[in-house]
Amino acid sequence: MNDLHAGLIAGFSWRSDPPVWPESRAYYADYSAWWRDSSVLAAIGPALAGLFHDAEPTVVLGTESHGFLLGPLVARHLGIGFAAVRKKPERASNDEVWLVRRTPPDYRDRHLDLAVRRSVLRTGDRVLFVDEWASTGGQARACQQLVDDAAARWLGAAVVVDALENSADRRALNLRSLIHVRELNRR
């Protein structure tokens, strides 16, 4: 775990594009080096699963796009399946049943429609949500509602970086992380 922790911090940087006057410089998180590092990729699925070592999930849930990368890594480690949550879903046919929820405002003040096929999120499932970053918790809360809509059980949210400002959201989501954003601000 210490090697993964060091690899996550080493592979992270705050970047900015040149400001366009009169705007000030805006910084964004760049963790693209995580996906290039084979040791991070090998360790991150087991580490995220380990945050809920006693929970016994039956399915891992993840949103586009990084949840689609991390979720299968966690599911593979646990020996269970993965349920994909789409942003702005478009149905391929009318015979598919979808569960759909709208997020509260995200870090860009957008509302997103999130949807999952009912056939992959089943009644009675024990669901572990996985993502790379939690900043407002909006996507995780919408996914928690999707789990409730399916009459499944939300176990919690396993994320790489916890950037939540509100501890009540952290408790409501049962959010656990590998690192906290404060550790990335020191660099």
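Predicted model only: the values in this text are computed from it and were never measured. FYI, the numbering just counts along the sequence from 1.
Cluster membership check: L73 does not share its hydrophobic cluster with V59, using side-chain heavy-atom separations under 4.5 Å among Ile, Leu, Val, Met, Phe, Trp and Tyr. Both V161 and F12 are assigned to one and the same hydrophobic cluster, defined by single-linkage of ILVMFWY side chains at heavy-atom distances under 4.5 Å. A chain of hydrophobic side-chain contacts below 4.5 Å, direct or via other Ile, Leu, Val, Met, Phe, Trp or Tyr residues, connects V74 to I179. Hydrophobic clustering (side-chain heavy atoms under 4.5 Å, transitive across Ile, Leu, Val, Met, Phe, Trp, Tyr) keeps L146 apart from L70. Linking ILVMFWY residues whenever their side-chain heavy atoms come closer than 4.5 Å, directly or via other members, leaves I80 and V127 in distinct clusters.
The heavy-atom pair separating G81 from A75 by the smallest distance is O-CB, 3.6 Å. Of all heavy-atom pairs spanning A140 and F129, the tightest one is CB-CE2, 3.8 Å. When all heavy atoms are compared, the tightest approach of D131 to G67 is OD1-N, 3.6 Å. Residue G138 comes nearest to P104 through the heavy atom pair O-CD, 3.6 Å, listed as atom of the first residue, atom of the second, then distance. Residues T63 and C143 come closest through the heavy atom pair CG2-SG, 3.6 Å. W98 and A115 make their closest contact through CE3-CB, 3.4 Å (heavy atoms, listed as atom of the first residue, atom of the second, distance).
By the 30° and 60° cut-offs, the orientation of the rings of W35 relative to Y31 is perpendicular.
Remark: the backbone N or O of N174 is not paired with any side-chain donor or acceptor of R171 at under 3.5 angstrom. In this structure, the side chain of R141 engages the main chain of T136 through a donor-acceptor pair within 3.5 Å. Listed for the W14 side chain is no donor-acceptor partner under 3.5 Å among the backbone atoms of Y27. Using modelled atom types, no side-chain atom of E165 and backbone atom of S135 make a donor-acceptor pair closer than 3.5 Å. K87 contributes no side-chain N or O that, together with a main-chain N or O of L114, makes up a donor-acceptor pair within less than 3.5 Å.
How far CD of E64 is from CG of L69: 13.0 Å, rounded to the nearest 0.5 Å. Taking OG of S65 as the reference point, atom CD of E132 lies at 7.0 Å (rounded to 0.5 Å).
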Report all side-chain donor-acceptor pairs from residues 37-51 shorter than 3.5 Å, counting only partners two or more places apart or in another chain.
| from | atom 1 | to | atom 2 | distance (Å) |
| --- | --- | --- | --- | --- |
| D37 | OD1 | S39 | N | 2.9 |
| D37 | OD1 | S39 | OG | 2.6 |
| D37 | OD1 | V40 | N | 3.3 |

Listing, residues 149-158 side-chain donor-acceptor contacts under 3.5 Å, not counting sequence neighbours, or none:
| from | atom 1 | to | atom 2 | distance (Å) |
| --- | --- | --- | --- | --- |
| D149 | OD1 | R101 | NH2 | 2.8 |
| D149 | OD2 | R101 | NE | 2.8 |
| D149 | OD2 | R101 | NH2 | 3.4 |
| W154 | NE1 | L173 | O | 2.9 |

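Residue pairs meeting the side chain to side chain donor-acceptor pair (under 3.5 Å) criterion with at least one partner in residues 47-61, sequence neighbours excluded, are T58-D125.
Residues passing the side-chain contact (heavy atoms from CB on, under 4.5 Å) test with D162 are L164, R170, L175, S177, H180, sequence neighbours excluded. Listed by chain and residue number, nothing satisfies the side-chain hydrogen bond (donor to acceptor under 3.5 Å, both in side chains) test with R76 (two or more places apart in sequence, or in another chain). Every residue two or more places apart in sequence or in another chain was checked for a side-chain hydrogen bond (donor to acceptor under 3.5 Å, both in side chains) with R36, and none qualifies.
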Determine whether I9 and E183 satisfy the following criterion, side chain to side chain contact (heavy atoms under 4.5 Å, CB included), listing intermediate values before the conclusion.
CA-CA 8 Å; I9 291 175; E183 295 175 81; 4.1 Å; yes
Stepwise side chain to side chain contact (heavy atoms under 4.5 Å, CB included) test for W34 and H66:
CA-CA 11 Å; W34 295 349; H66 291 105; over 6 Å; no
Step by step, work out the side chain to side chain contact (heavy atoms under 4.5 Å, CB included) result for L178 and H5.
CA-CA 7 Å; L178 298 178; H5 191 267; over 6 Å; no
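Looking at W133 and V181, their side chains come closer than 4.5 Å, going by heavy atoms from C-beta outward. At least one side-chain heavy atom of P57 sits under 4.5 Å from a side-chain heavy atom of L78.
Using modelled atom types, one finds no donor on one side chain facing an acceptor on the other under 3.5 Å when comparing T103 with Q139.
Under a cut-off of 6.0 angstrom, the local environment of CZ in R122 is sparse, with at most 12 non-hydrogen atoms contributed by other residues, nucleotides or ligands.
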